[in-house]
Amino acid sequence: MELVNGPATPNGLLSETAAVVTAPVSDAVDLERMIARGLPGDLHRRLDALVGEWTVDKKTYIALGTLHTPKIWVAKSVWKWLDDTGGRFIREELTGELAGGPYYRLGILGYSGMDDRYEWNTLDNLVSTMMTYKGEEGTGGEEVISIGGVFTDPGVLGESYVGKKIPMRTVFTFRSADEVVVEIKFTPPGEPERIADQGVYHRVRG
């Protein structure tokens with residue numbers, strides 16, 4: 001964008017007609033190429049390994065547990081492709097009993113071909129914060145999927161952390177076709193990274 005100067009008004013400002021703003025002409029959109037860049041590929045198909053029903057052995061190291069005495073509980077997880085997205089995004093619904101009542105978490109996982117990274121969003125019935133994670137660009141082909149983000153703590157780390165920005169990571173480790181480990185890690189300000197939650201997923205067969 002270019003600003004062309006004109007004569008000044010008595011108060012030292014340009015008059016409306018004296019300022020001429022020009023903008024570059026946009027390139028023509030090649031719809032076919034644009035769509036092709038968004039087609040799912042091998043790094044989307046990698047997520048087929050998550051499809052199905054799982055029993056999850058959970059250890060929660062925050063809120064209800066500590067680093068030395070985690071809260072141990074069991075959840076159920078179901079992963080399905082969102083068919084209406086054409087194989088671009090996969091959904092997890094995780095349910096269980098936690099804090100004396102039902103727990104529900106919805107997650108949406110996808111791969112950004114333009115950024116060569118995985119992206120992950122979760123929401124649950126305990127907090128009003130949507131957790132948003134984006135991996136580092138160029139990491140899509142790595143064996144372990146590590147996806148980072150930042151959230152504003154509502155108090156899951158303790159009252160002294162309320163309102164603070166907490167860097168976080170979700171890490172997916174595929175041990176076998178029937179076992180996947182998903183870990184959530186937090187890095188509080190001025191502190192080393194710590195594990196917040198671990199889920200060992202065991203595929204339900206038959």
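This one's a predicted model, so the numbers in the text were calculated from it and none came from an experiment.
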Note: with side-chain heavy atoms under 4.5 Å as the link, the other cluster members for Leu67 come out as Tyr61, Ile195
To the nearest 0.5 Å, tell me how far Asp116 CG sits from Thr139 OG1. 6.5 Å
Heavy atoms only: give me the nearest Gly135-Arg117 pair and the separation to one decimal. O-CD, 2.9 Å
So how far is it from His202 NE2 to Glu53 CD, rounded to the nearest 0.5 Å? 14.0 Å
Heavy atoms from other residues, nucleotides or ligands near CD of Glu136 exceed 12 (cutoff 6.0 Å): no
If Ile, Leu, Val, Met, Phe, Trp and Tyr residues are connected whenever their side-chain heavy atoms lie under 4.5 Å apart, and connections chain through other members, are Val51 and Leu82 in the same group? no
Can you tell me how far the CH2 atom of Trp54 sits from the CG atom of Leu94, to the nearest 0.5 Å? 12.5 Å
Between Asp178 and Arg203, does any NZ, NE, NH1 or NH2 come within less than 4.0 Å of an OD or OE carboxylate oxygen? yes
Within 6.0 angstrom of Glu32 CD, more than 12 heavy atoms from elsewhere: no
Check: Arg175 side chain, Val181 main-chain N or O, donor-acceptor pair, under 3.5 Å: no
Any chain of hydrophobic side-chain contacts (each under 4.5 Å) joining Val78 to Phe172? no
Quick one: name the residues clustered hydrophobically with Ile72, using the 4.5 Å side-chain heavy-atom rule over I, L, V, M, F, W, Y, and just say none if it's on its own. none
Is there a donor-acceptor contact under 3.5 Å linking the side chains of Trp120 and Thr122? no
Checking side chain to side chain contact (heavy atoms under 4.5 Å, CB included) against Ile145, which of Val182, Val171, Leu47 comes through? Leu47
Only one of Tyr111, Trp81, Phe89 clears ring-ring contact (aromatic ring centres under 6.0 Å, His included) with His44; which? Tyr111
If we ignore angles and hydrogens, is there a donor and acceptor under 3.5 Å between the side chains of Asp57 and Tyr201? no
Taking the side chain as every heavy atom from C-beta outward, state whether Leu157 and Glu191 have any pair of such atoms under 4.5 Å apart. no
Tell me whether Val200 is reachable from Leu98 by hopping between hydrophobic residues (I, L, V, M, F, W, Y) whose side-chain heavy atoms are closer than 4.5 Å. no
Are the side chain of Asp197 and the backbone N or O of Ile184 linked by a donor-acceptor pair below 3.5 Å? no
The test is side-chain hydrogen bond (donor to acceptor under 3.5 Å, both in side chains); show your working for Lys76 and Thr55 and say whether it passes. CA-CA 5 Å; Lys76 174 185 175 181; Thr55 296; over 6 Å; no
Under the 4.5 Å side-chain heavy-atom rule for ILVMFWY, direct or indirect, which residues accompany Leu39? none
Would Leu123 end up clustered with Tyr118 when hydrophobic side chains under 4.5 Å apart are linked, directly or stepwise? no
Could you pull out the closest heavy-atom pair between Gly87 and Arg45, with the gap in Å? O-NH2, 3.9 Å
For a quick test of reading the model, state the closest non-hydrogen atom pair linking Pro102 to Glu97 and the distance between them. N-OE1, 3.7 Å
Using only atom types and a distance under 3.5 Å, with no angle test, would you say the side chain of Tyr103 pairs donor to acceptor with the backbone of Asp124? no
Please assess Val156 against Tyr161 for the test side chain to side chain contact (heavy atoms under 4.5 Å, CB included), listing each intermediate value before the final yes or no. CA-CA 8 Å; Val156 298; Tyr161 293 90; over 6 Å; no
N-O pairing of Glu92 and Arg105 below 4.0 Å: yes
So does Asp84 have more than 12 non-hydrogen atoms from other groups sitting under 6.0 Å from CG? no
With a 4.5 Å cut-off on side-chain heavy atoms, are Trp79 and Leu109 touching? yes
CE/Met168 to OH/Tyr133 distance, rounded to the nearest 0.5 angstrom? 4.0 Å
How close do Lys165 and Pro167 get, counting heavy atoms only, and between which atoms? O-CD, 3.6 Å
Whether Asp153 side chain and Ile166 backbone form a donor-acceptor pair below 3.5 Å: no
Set out, in order, the CA-CA distance, both residues' side-chain angles and the distance that settles side chain to side chain contact (heavy atoms under 4.5 Å, CB included) for Phe174 and Arg46, then state yes or no. CA-CA 10 Å; Phe174 297 82; Arg46 177 186 184 187; 4.2 Å; yes
Which atoms form the tightest heavy-atom contact between Val56 and Ser77, and what is the distance? CG2-CB, 3.7 Å
To the nearest 0.5 Å, how far apart are CG in Leu64 and OG1 in Thr69? 11.0 Å
Atom CZ of Arg169 and atom CD1 of Ile147: how far apart are they, to the nearest 0.5 Å? 10.5 Å
Tightest non-hydrogen contact, residues Lys164 and Pro189, listed as CD-CG, 4.4 Å
